[in-house]
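These values consider heavy atoms only, across backbone and side chains, with no hydrogens, waters or symmetry-generated copies. Just so you know, residue 1 is the first one in the sequence shown, and it goes up from there.
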Amino acid sequence: MKAIVVTDQSAGAAGMELQDRPEPTAAINDVIVQVHAAGFVSTEVEWPSTWTDRAGHDKAPSILGHEVAGVVTALGYGTTGLSVGQRVLGIADWHRDGTLAEYVAVESRNLAALPGDVDFTTGASLPISGLTAWQGLFQHGRLQPGQALLAHGAAGAVGTMVTQLAREAGAWVIGTGRGADREKALDFGAHEFVDLGNDELADVGNVDLVFDVIGGNVQKASAALVKTGGTLVSVVGPVEHRPADGLSIDFVVEADRVQLTEIVQRVQQERLRANIGRVASLDDAVATLTSTERREGKAVIAVRP
């Protein structure tokens, strides 16, 4: 099968290649998914799990990608809850070969049903961005109706999910980003927008929850805005700047079938919109994913037209 592979950690994203790789086999509780579309996170080549398995052994050449939408073609021993021919979406395990390939082996519990009226490209854009937003807001941030949320990167793949889910939950959403992102952030539901290049973040006032996708000085300025008892949630590693009288939490997104089903149902019901940037074929994936152009949304590779 064709797959996008990295073999040299020192080369980073520049080392991506389209190669022929063996088709995967289904282990216990696995399914084999015929990939129709796959999502990609630009920092994957920096993750230790891209290069080593759970025992710490080198696993290069490594197939990239961890978001998938496709069709189940085979079941491993003991697999329940899914069937051959079913449309699915989900997250492939961080330490295993990924989804930028014609087939991928995924633990069945990491997948949810993809309704027939949600296309594969949309499905592949949802798992990491949607679950990151859901878990950061509700599981870790404990967002409540009427609270004020400061959502950084509000025009990005995660930020647009954060904005939409928080607004639907009854929060007041203050989005941030570059000046050029203002209209997009507002279009996806932010009540206000802060241009991080020109506006003073301190002018926002106090907030109940900060959703940080940037870190550094932005995180430092944001921590000072968190109300007593509020929370700063980060997805950029251990929190360096903590609120004086609040909580700080950093987390790595986890696969969750129930939460992913909630997300895809909202898309199906037109309560949630995907934020899809460039879409390319598997043959054009290397050029697309290594482009230096600024990403305008989730990069998706259409493995099958």
Between [X] and [Y], is any pair of side-chain heavy atoms under 4.5 Å apart?
| X | Y | answer |
| --- | --- | --- |
| P115 | V264 | yes |
| V279 | I301 | no |
| L201 | S222 | yes |
| S248 | P243 | yes |

Could you please spell out the steps behind the side chain to side chain contact (heavy atoms under 4.5 Å, CB included) verdict for I4 and E17? CA-CA 6 Å; I4 302 300; E17 295 180 341; over 6 Å; no

Got a donor-acceptor contact below 3.5 angstrom from the [X] side chain to the [Y] backbone?
| X | Y | value |
| --- | --- | --- |
| D199 | D195 | yes |
| Q164 | T160 | yes |
| W51 | H57 | no |
| R21 | M1 | no |
| R304 | E102 | yes |
| H66 | A92 | yes |
| R257 | L111 | yes |
| Q147 | L209 | no |
| D97 | I63 | yes |
| Q135 | E254 | yes |

Report the C-alpha separation of R87 and H36 in whole Å, then their side-chain angles, then the decisive distance to 0.1 Å, and conclude whether the side chain to side chain contact (heavy atoms under 4.5 Å, CB included) test is met. CA-CA 10 Å; R87 301 170 91 250; H36 284 247; over 6 Å; no

Would R278 and E296 satisfy salt bridge (Lys or Arg N to Asp or Glu O under 4.0 Å), going step by step from the backbone distance to the final call? CA-CA 8 Å; R278 297 185 66 180; E296 298 296 333; over 6 Å; no

Which residues share a side-chain contact (heavy atoms from CB on, under 4.5 Å) with H95, sequence neighbours left out: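 Per chain and number, H95 pairs via side-chain contact (heavy atoms from CB on, under 4.5 Å) with S49, R54, D93.
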
Give me the atom names and distance for the closest heavy-atom approach of [X] to [Y].
| X | Y | answer |
| --- | --- | --- |
| L126 | A274 | CD2-CB, 4.3 Å |
| S125 | T122 | OG-O, 2.7 Å |
| S129 | E67 | N-OE2, 3.8 Å |
| A166 | V173 | CB-CG2, 3.9 Å |
| A151 | V162 | CB-CG1, 3.9 Å |
| A105 | I32 | CB-CD1, 3.7 Å |

Please answer: with hydrophobic residues joined when any side-chain heavy atoms are less than 4.5 Å apart, are [X] and [Y] in the same cluster?
| X | Y | value |
| --- | --- | --- |
| W134 | L149 | yes |
| L89 | V72 | no |
| L137 | I128 | yes |
| V68 | L282 | yes |
| V71 | L75 | no |

What orientation do F251 and F211 show, parallel under 30°, tilted 30 to 60°, or perpendicular over 60°?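 Taking F211 first and then F251, their aromatic rings stand perpendicular (interplane angle over 60°).
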
Check this for me, if you would: do D187 and R273 make a salt bridge, where the nitrogen-to-carboxylate-oxygen distance has to be below 4.0 angstrom?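 Yes, charged N to carboxylate O under 4.0 Å.
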
Residues R96 and E107 bridged, charged N to O under 4.0 Å: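 Looking at R96 and E107, the cut-off is not met.
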
Find the distance between [atom1] ([X]) and [atom2] ([Y]) and round it off to the nearest 0.5 Å.
| X | Y | atom1 | atom2 | result |
| --- | --- | --- | --- | --- |
| D8 | S62 | CG | OG | 12.5 Å |
| L186 | F193 | CG | CZ | 7.5 Å |
| Q139 | L131 | CD | CG | 9.5 Å |
| E44 | T50 | CD | OG1 | 6.0 Å |
| D212 | I214 | CG | CD1 | 6.5 Å |
| R178 | K184 | CZ | NZ | 12.5 Å |

Please evaluate residues K59 and D53 with respect to the criterion salt bridge (Lys or Arg N to Asp or Glu O under 4.0 Å), reporting the C-alpha separation (whole Å), side-chain torsions for both, the decisive distance (0.1 Å), and the verdict. CA-CA 6 Å; K59 71 181 184 77; D53 62 19; over 6 Å; no

F138 vs L165, test: side chain to side chain contact (heavy atoms under 4.5 Å, CB included). Steps then yes/no. CA-CA 10 Å; F138 306 125; L165 290 171; 4.3 Å; yes

Check against side chain to side chain donor-acceptor pair (under 3.5 Å), Q219 and E240: CA-CA 8 Å; Q219 184 183 95; E240 298 178 349; over 6 Å; no

For K2, the option from D283, D20, D284 that meets salt bridge (Lys or Arg N to Asp or Glu O under 4.0 Å):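 One option only clears the test, and that one is D283.
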
For H140 and T231, does a side-chain donor sit closer than 3.5 Å to a side-chain acceptor?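 Their side chains do not contain a donor-acceptor pair, so the 3.5 Å distance test is not met.
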
Donor-acceptor side-chain pairing of Q269 and R271 below 3.5 angstrom: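 Distance-only check passes for Q269 and R271.
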
Are more than 12 heavy atoms, taken from residues, nucleotides or ligands other than R182, located less than 6.0 Å from that residue's CZ atom?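 Atom CZ in R182 is crowded, with more than 12 foreign heavy atoms closer than 6.0 Å.
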
Report the C-alpha separation of Q268 and D117 in whole Å, then their side-chain angles, then the decisive distance to 0.1 Å, and conclude whether the side chain to side chain contact (heavy atoms under 4.5 Å, CB included) test is met. CA-CA 7 Å; Q268 186 181 26; D117 53 355; 3.0 Å; yes

Side chain to side chain contact (heavy atoms under 4.5 Å, CB included), paired with Y103, selected from T25, V35, T73, V33: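 Testing each of T25, V35, T73, V33 against Y103, the sole residue satisfying side chain to side chain contact (heavy atoms under 4.5 Å, CB included) is T73.
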
Quickly, which of T99, V300, L64 forms a side chain to side chain contact (heavy atoms under 4.5 Å, CB included) with F40? Name it, please.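 When side chain to side chain contact (heavy atoms under 4.5 Å, CB included) is applied between F40 and each of T99, V300, L64, only L64 qualifies.
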
